[in-house]
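Heads up, the thing below is written out as structure tokens.
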Amino acid sequence: NEGKLCILDWGLVTTVTSTQSIAILQFIAHLVSKDFEKVDADLVAMGFVPPEKQAALQDAGLTNAIATLFSALAAGGGA
């Protein structure tokens, strides 16, 4: 009635295990609570970073960049 169109792309949808689901929820909880020092471990738990690369991830400071991005998004602003 309003002339609006919504397109849902299910191309990137996948099934996740209960372990992956918990890891995703913990990642979101850590972001929301600004518990950013746990984000590196969350990325490992979700399978985005191999466990042996976690120290390199910490050294690279990527978590700080992720924290800045998500903080800006949560505040309603851009990165």
Side-chain angles (χ1 to χ4, degrees):
N1 292 339
E2 297 176 13
K4 295 181 181 180
L5 174 66
C6 175
I7 299 173
L8 299 176
D9 180 3
W10 292 95
L12 296 176
V13 175
T14 188
T15 303
V16 295
T17 66
S18 60
T19 301
Q20 290 169 321
S21 180
I22 291 168
I24 292 167
L25 289 172
Q26 288 176 330
F27 173 69
I28 293 168
H30 292 144
L31 291 175
V32 170
S33 66
K34 297 184 180 181
D35 195 1
F36 299 127
E37 65 272 2
K38 294 183 179 174
V39 170
D40 293 332
D42 293 333
L43 294 173
V44 171
M46 289 187 293
F48 289 114
V49 176
E52 65 273 9
K53 297 292 185 182
Q54 184 173 348
L57 179 64
Q58 291 167 340
D59 292 341
L62 182 60
T63 301
N64 291 333
I66 291 171
T68 300
L69 171 68
F70 279 100
S71 291
L73 292 172

Nearest 0.5 angstrom please: Lys53 NZ to Asp59 CG, how far?
11.5 Å

Strictly distance-based, threshold 3.5 Å: is any side-chain N or O of Ser21 a donor or acceptor partner for the main-chain N or O of Thr17?
no

Is any side-chain heavy atom of Phe36 closer than 4.5 Å to one of Asn64?
no

CA sep, side-chain torsions, deciding dist, call: Phe70, Val32, side-chain contact (heavy atoms from CB on, under 4.5 Å):
CA-CA 8 Å; Phe70 279 100; Val32 170; over 6 Å; no

Same apolar cluster: Ile22 and Met46, side chain cutoff 4.5 Å
no

Taken to the nearest 0.5 Å, the spacing of Phe48 CZ from Leu57 CG works out to 12.5 Å

Indicate the atoms forming the closest heavy-atom contact of Val49 with Gln54, along with that distance.
CG1-N, 4.3 Å

side-chain contact (heavy atoms from CB on, under 4.5 Å) between Ile28 and Asp42: does it pass, once the steps are laid out?
CA-CA 9 Å; Ile28 293 168; Asp42 293 333; over 6 Å; no

If hydrophobic clusters are built by linking Ile, Leu, Val, Met, Phe, Trp and Tyr wherever their side-chain heavy atoms come under 4.5 Å apart, do Ile24 and Leu43 end up in the same one?
yes

Given side chains that start at C-beta, do those of Asp9 and Ile7 come closer than 4.5 Å, heavy atoms only?
no

